[in-house]
Amino acid sequence: MSPRMTRFLLGVSAPVLALLAAFLITSLVLIVAGDPVGEVWDEILSVPETRNVANIIDNATVLYLSGVAVAIGFRMNLFNIGVDGQYRVAAFTAAVVAGEAWLPGYLNTVLAILAAMAVGALWAGIAGLLRAARGVSEVISTIMLNAIATFLVAYLLRQVAVREAGSNALNTREVPEGSRIPNIPIGEGGTADIHGFIVIAALVGFGYWFLLNRTRFGFDLRATGQSTTAAVASGINVRRMVVAAMLLSGAVAGLVGLPILFGDAFVYGSTFQTGLGFAGIAIALLGRNHPVGIALGALLFAYLDEQSNPLQILVDVSPDIVAITQGVIVLTVVISYELVRRYGLRLEQQRVARELRGTPPEKREEVAV
Amino acid sequence: VSVPTAVGEAARQARPWRLPWWAYLVAVLGILLALSVLEIVTGATDLMSSGTVAATLIATVPIMLAALGGLWSERAGIVNIGLEGMMILGTWGAGYFGYHYGAWAGVAGAILMGALGGLVHAIATVTFGVDHIISGVAVNIVALGTVQYLAALTFTGLPGGGQTQSPRLPDVQTITFGGLGDALGEVEQQDIVLISELAAVLRALVTNLSLLVVLAFLLVLLTWYVLWRTPFGLRLRSCGESPIAAESLGVRVLRYKFVAVLVSGGLAGLAGGFLAMVASSNFRDGQTGGRGYIGLAAMIFGNWRPGGLLAGSGLFGYTETLGLRQGGTSVHALLLALALLAVAAAVLQLRTGKFQAAFVMLVGGVVLGATYFSIDEVPSDFVSMTPYVVTLLVLAFASQRLRMPAADGQIYRKGSAG
């Protein structure tokens with residue numbers, strides 16, 4: 001087998017191994033709890049209908065943005081636990097800006113999106129600044145900022161909310177029709193449609209890849225992530241990179257809530273979806289911070305969520321069982337990547353040893369190099 | 001025979017400046033005095049009533065136990081962000097075992113379930129060398145899913161139970177010194193400066209005091225003793241400071257880390273159990289409300305020390321309580337105190353010649369004071385926000401004085417000492 005082939009197989013085997021382990025552990029939980037294992041998997045692994053496919057893609061879009069936001073931090077060894085808070089303040093800002101409709105039509109949409117990115121970046125930037133200037137761990141500061149965001153947005157929402165007659169819900173003003181992002185019909189005859197924001201999500205994914213792999217800034221960022229000392233030695237201003245990475249991560253995090261806002265809900269209210277940030281961490285890990293990998297991870301998570309929905313009605317099992325699967329995937333994926341890496345290392349060493357054995361001593365140095 | 005050497009001299013000088021034990025007592029009395037004066041000046045009478053003290057105690061304990069859990073694991077060098085998940089497991093453990101087998105079985109169940117979460121974290125981080133934060137996040141996701149799944153499985157159909165909550169749980173015993181409490185209550189009514197406040201605190205301590213509260217504070221004491229006064233504790237802390245050195249001296253580093261994370265999980269589980277059994281009367285989905293993270297923050301606020309962690313969790317517990325009990329006026333009153341404190345600190349900084357710091361403090365004080373006079377009540381959301389902002393400020397301005405265990409968060413593989 002060629003080394004290239006080996007590398008590919010090793011790369012694929014890690015996620016497969018992880019999924020297999022997660023499958024086994026989930027099954028074990030179901031068996032211990034006395035739930036019908038076969039029926040549960042039958043239901044989850046059944047082919048989704050067009051309507052469900054649309055839901056899966058919509059959820060995956062949101063999760064993808066969250067995953068990319070986390071991944072930007074990861075590439076620099078920064079843990080942005082605060083995506084939750086960042087998208088909360090950002091989605092609220094976008095809803096207010098879009099609802100006020102200072103500009104006509106799509107200009108309004110663009111303004112709202114930019115505002116969301118700016119606010120998300122700002123919120124994450126606080127953590128970045130604290131890390132760069134005062135050495136405060138971004139893990140702790142973003143957790144604090146998450147909580148602060150929750151209360152701050154709750155307060156601000158109460159200030160700006162418009163109350164509908166006969167409803168207890170607190171909502172911002174609705175996004176005007178001209179500023180909504182049209183949905184894209186899918187399936188035969190357009191029986192279902194997906195959020196148009198998916199185009200922007202794809203652009204973000206491409207931008208992430210381009211920035212990290214094709215620009216000097218991206219190189220600096222990755223270098224800092226892999227070795228701070230080497231980065232310093234080559235003249236990179238690490239503090240500035242920390243702040244920049246957090247700002248970028250926050251700007252993308254600011255987009256997380258927007259597919260829902262512009263394609264579906266049109267308002268920010270007290271029932272706006274939360275907890276997407278932590279899912280993003282799991283997905284970034286699953287996708288190894290690679291733009292395509294993250295997309296696959298997001299699709300997998302969205303698929304599990306959607307397919308588990310009818311479990312309660314059909315086989316009387318709580319759909320929360322897939323949350324166990326998802327959490328276990330995070331652990332097993334990390335563990336299996338580590339195991340596969342060690343195994344690959346051993347293979348490499350064996351190969352070198354084999355080749356060394358076959359060459360006369362005077363030539364050994366060339367092979368080793 | 002001890003000979004004063006240069007090394008010994010240097011060590012003596014390097015030793016951190018320690019306060020004598022009575023200084024803490026004076027500090028507590030000083031805070032009480034300040035609060036009572038503040039009550040008189042501002043008319044916010046609920047700042048230090050016995051009701052507030054009792055509620056603060058209940059709010060503090062779960063945070064304190066979670067922080068204690070964090071202390072155990074971080075002292076052994078394992079960052080434990082999975083405290084939240086372990087707490088969640090604990091709430092279910094208390095609900096299930098408490099309902100079926102009685103109150104103390106519930107406590108045991110909570111500890112057991114938390115330790116189970118700790119086991120997962122330990123296997124991932126210690127055995128497999130997974131990044132601590134990643135493993136912690138995974139534990140949180142798994143724990144939440146598991147508990148929601150288990151709750152639906154075990155509580156549906158029970159009287160008063162459902163998918164998201166357990167039936168009513170039996171109570172853990174409480175202690176009440178009837179006569180003493182009433183007498184102290186009367187003293188509290190007299191509104192004498194300082195004396196009434198002392199009476200309020202004592203009254204809260206002798207009326208309906210849950211045994212679990214007592215147990216929790218004993219655990220803090222026990223932790224301090226075990227970690228700082230026994231060979232076991234020294235070895236455990238050495239794993240968090242320098243595992244390589246520890247291993248070279250024959251300490252079984254991985255085993256110590258494993259034990260520490262298990263204990264950490266058990267304490268977090270107990271914190272969850274406390275929430276289900278003492279702070280409320282049953283298990284409910286989402287009961288922890290991020291207190292695991294707060295516990296972590298309280299521990300960092302307390303500089304990875306038991307005493308500091310106590311202060312940190314007290315701060316969180318107190319502000320949480322104020323948020324619930326006509327907190328608007330109470331926090332409004334505290335604004336004035338903070339403004340005065342900031343100005344005083346500015347003067348102190350000025351005397352030591354730190355003009356920049358003094359200026360910042362002064363501006364902060366003036367802003368706080370202006371806020372106090374321009375509004376009548378602090379909105380409840382801002383009250384709830386206070387401890388988080390304070391923690392963030394402490395991290396920002398005192399992070400140079402905080403010292404975490406030197407090898408905290410680093411992945412250690414056996415034999416890497418070479």
Side-chain angles (χ1 to χ4, degrees), chain A residues 25-26 29-30 33-35 74 79 81 126-127 129-130 133-137 139-141 143-159 275 278-279 281-282 285 312 316-339, chain B residues 79 81 84-85 120-121 123-124 127-131 133-154 156 163 285 289-290 293-294 296-297 300-301 323 379-392 395-400 402 404 409:
Chain A
I25 291 175
T26 311
V29 172
L30 285 169
D35 278 330
F74 270 149
F79 262 102
I81 305 263
I126 299 174
L129 261 183
L130 282 176
R134 314 291 305 184
V136 178
S137 155
V139 174
I140 300 301
S141 60
I143 287 174
M144 296 297 112
L145 285 167
N146 278 347
I148 296 173
T150 308
F151 294 119
L152 186 67
V153 170
Y155 171 75
L156 291 175
L157 184 61
R158 217 167 312 123
Q159 305 304 306
F278 283 95
I281 299 172
L285 289 171
Q312 188 79 58
D316 195 24
V317 172
S318 164
D320 297 309
I321 185 71
V322 296
I324 301 182
T325 317
Q326 291 171 341
V328 171
I329 288 175
V330 176
L331 271 186
T332 50
V333 93
V334 176
I335 292 175
S336 65
Y337 270 115
E338 174 67 16
L339 290 181
Chain B
V79 174
I81 209 170
E84 174 75 9
V120 174
H121 193 53
I123 290 176
T127 311
F128 287 108
V130 172
D131 184 283
I133 309 273
I134 292 174
S135 168
V137 169
V139 166
N140 288 341
I141 297 175
V142 175
L144 183 63
T146 309
V147 163
Q148 285 174 340
Y149 172 72
L150 284 177
L153 191 74
T154 52
T156 313
Q163 290 212 359
D285 188 27
Y293 299 119
I294 304 177
L296 204 65
I300 293 170
F301 180 95
S380 66
D381 289 311
F382 286 90
V383 177
S384 314
M385 206 189 292
T386 315
Y388 302 93
V389 177
V390 170
T391 306
L392 213 52
L395 286 173
F397 291 107
S399 59
Q400 268 77 357
L402 299 181
M404 68 173 190

Do you know which of [options] has the most heavy-atom pairs under 4.5 Å to chain B?
options: A/T150, A/L129, A/I143; value: A/I143
options: A/V139, A/L130, A/L331; value: A/L331
options: A/I140, A/V334, A/I335; value: A/I335
options: A/Q326, A/R158, A/E338; value: A/R158
options: A/I324, A/V330, A/V322; value: A/I324

Can you name the nearest heavy-atom pair linking B/Y149 to A/V29, along with the distance?
->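 For B/Y149 versus A/V29, the nearest heavy atoms are CE2-CG1, 3.8 Å.
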Let me know if [X] has heavy atoms under 4.5 Å from chain B in its side chain, its backbone, both or neither.
X: A/L156; result: neither
X: A/F278; result: both
X: A/L145; result: side chain
X: A/A282; result: side chain
X: A/N146; result: neither

Partner set under side chain to side chain donor-acceptor pair (under 3.5 Å) for B/T154, not counting sequence neighbours |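 Applying side chain to side chain donor-acceptor pair (under 3.5 Å) to B/T154 gives B/W92.
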Partners passing side chain to side chain donor-acceptor pair (under 3.5 Å) against A/S318 (at least two apart in sequence or in another chain) =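 A/D320.
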B/Y388 vs A/F151 aromatic rings, parallel, tilted or perpendicular, using cut-offs 30° and 60°?
->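 Plane angle between 30° and 60°, so tilted.
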With a 4.5 angstrom heavy-atom cut-off, could you sort out which part of B/I81 is near chain A: side chain, backbone, both or neither?
->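 Interface part for B/I81: side chain.
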Under 4.5 Å from any heavy atom of chain A - which part of B/L144 |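 No part of B/L144 comes within 4.5 Å of chain A.
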Rounded to the nearest 0.5 Å, how far apart are [atom1] of [X] and [atom2] of [Y]?
X: A/M144; Y: B/I300; atom1: CE; atom2: CD1; value: 7.5 Å
X: A/L285; Y: B/I133; atom1: CG; atom2: CD1; value: 11.5 Å
X: B/I134; Y: A/F74; atom1: CD1; atom2: CZ; value: 5.0 Å

Looking at B/I294, B/T156, B/T146, which makes the most heavy-atom pairs under 4.5 Å with chain A?
->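 That would be B/T146.
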Could you walk me through whether A/I81 and B/V137 pass the side chain to side chain contact (heavy atoms under 4.5 Å, CB included) test, one step at a time?
-> CA-CA 9 Å; A/I81 305 263; B/V137 169; 4.2 Å; yes
Within-4.5 Å side-chain heavy-atom neighbours: B/I141 and A/I281 |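 Sidechains of A/I281 and B/I141: no contact.
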